[in-house]
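Right, one structure below, let's go through it.
Every heavy atom of this structure was used, including side-chain atoms; hydrogens, water molecules and symmetry mates were not. First the proteins, then the strands, lettered A, B, ... as listed; each starts at 1.
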2 protein chains.
Amino acid sequence: MSLLNMPFKALSDPTRRKIIQMLKEKDMTAGEIADNFSMAKPSISHHLSILKQAQLVIDERKGQNIYYSLNTTVFQEVVNWFFNIKGRSGGFENEEDKI
Amino acid sequence: MSLLNMPFKALSDPTRRKIIQMLKEKDMTAGEIADNFSMAKPSISHHLSILKQAQLVIDERKGQNIYYSLNTTVFQEVVNWFFNIKGRSGGFENEEDKI
DNA sequence: AATATAATTAGACATTTATCTAAATATCTA
DNA sequence: TAGATATTTAGATAAATGTCTAATTATATT
């Protein structure tokens with residue numbers, strides 16, 4: 001699988017995008033994340049696993065809990081794909097903002 | 001389906017991302033696009049249909065041909081999602097480049 | 001009008017995906 | 001060590017996805 005394919009597939013699911021948005025605010029345990037959804041915990045665990053495989057998140061066990069946090073590196077690569085499409089304008093309105 | 005879900009799903013397939021990259025360079029007919037893949041034409045037609053539903057591309061018939069082109073508006077909305085996650089830094093290295 | 005070309009639609013099929021419940025693993029605490 | 005809590009893994013299943021061939025639609029040409 002290509003480098004970008006896994007993160008793109010991972011981001012194609014709304015639950016996983018919501019998780020990413022939550023982790024933007026703060027690191028969270030699997031349980032805290034699951035509490036924000038009306039979905040069985042194993043389902044969330046599965047989503048976290050896909051985000052982890054895509055290297056969009058990092059996990060670290062602390063005692064009984066496993067904390068999840070964003071891995072901005074792979075994020076940047078996906079963003080770069082869009083920048084490349086848009087001629088590196090990145091959506092800025094002014095010419096000065098372009099690279 | 002949420003506004004962003006369709007484009008995200010559409011971009012989760014590598015063939016469709018390749019099509020987007022091709023359309024970045026120039027507008028193309030369905031046939032020209034299909035010639036770049038070792039895939040049956042109806043399969044490409046299906047991919048184009050998904051990109052069209054997601055409003056990532058626009059189609060226009062000219063005689064026997066149907067020309068496809070990028071619709072940057074919806075693109076921008078997807079880019080904005082990433083900007084929002086990344087605190088609107090957009091991946092620029094320098095503070096000055098931020099909005 | 002008949003034929004050729006460009007593209008889509010229809011329908012079938014195998015694979016992948018998202019979800020669930022039940023069971024297993026890991027850690028903490030009494 | 002036994003029990004409680006947090007999380008994952010296993011296995012099942014329904015729905016979605018990507019691909020194909022065959023048929024259809026739309027346009028152009030002779």
Summary of side chain to side chain donor-acceptor pair (under 3.5 Å) pairs that have at least one residue in residues 49-60 of chain A, sequence neighbours excluded
Ser49(A)-Gln53(A), Lys52(A)-Asp59(A)
Pairs touching residues 37-46 of chain A that satisfy side chain to side chain donor-acceptor pair (under 3.5 Å), sequence neighbours left out
none
Listed partners of Ile20(A) passing side-chain contact (heavy atoms from CB on, under 4.5 Å), at least two apart:
Leu11(A), Leu51(A), Leu56(A), Val57(A), Leu70(A), Phe75(A), Trp81(B), Ile85(B)
Partners meeting side-chain contact (heavy atoms from CB on, under 4.5 Å) with Thr15(B) (sequence neighbours left out):
Asp13(B), Ile19(B), Phe37(B), Met39(B), Ile44(B), His47(B)
DNA chain D-proximal residues of residues 31-60 of chain A, any heavy atom under 4.0 Å
Gly31(A), Pro42(A), Ser45(A)
Test your reading of the model: is there a side-chain donor-acceptor pair from Gln76(A) to the backbone of Thr73(A), 3.5 Å cut-off?
no
Is a side-chain N or O of Lys9(A) found less than 3.5 angstrom from the main chain of Ile50(A), in a donor-acceptor match?
no
Are Met22(B) and Leu4(A) co-members of a hydrophobic cluster defined by side-chain heavy atoms under 4.5 Å apart?
yes
Heavy-atom closest pair (Leu48(B) atom, Ala30(B) atom, distance to 0.1 Å) is CD1-CB, 3.9 Å
Mind listing the closest non-hydrogen atom pair of Pro7(A) and Val78(A) along with its distance?
CB-CG2, 3.7 Å
Of all nucleotides in DNA chain D that come within under 4.0 Å of a heavy atom of chain B, which is furthest toward the 5' end and which toward the 3' end?
dT17(D) to dA28(D)
Please give me every residue in residues 12-21 of chain A whose heavy atoms get under 4.0 Å of an atom in DNA chain C, ordered by residue number.
Asp13(A), Arg16(A)
Could you tell me whether the side chain of Tyr68(B) reaches within less than 4.5 Å of the side chain of Leu23(B), counting heavy atoms only?
yes
State, with a plain yes or no, whether a side-chain heavy atom of Phe82(B) is found less than 4.5 Å away from one of Asn84(B).
no
Within the 4.0 Å heavy-atom criterion, would you say Tyr68(A) contacts the bases, only the backbone, or no part of the nucleic acid?
sugar-phosphate
Separation between NZ (Lys18(A)) and CG (Asn36(A)), nearest 0.5 Å, reads 6.0 Å
Under a 4.0 Å heavy-atom criterion, the protein footprint on nucleotides 25-30 of chain C, written with B, S and -, is -SBS--
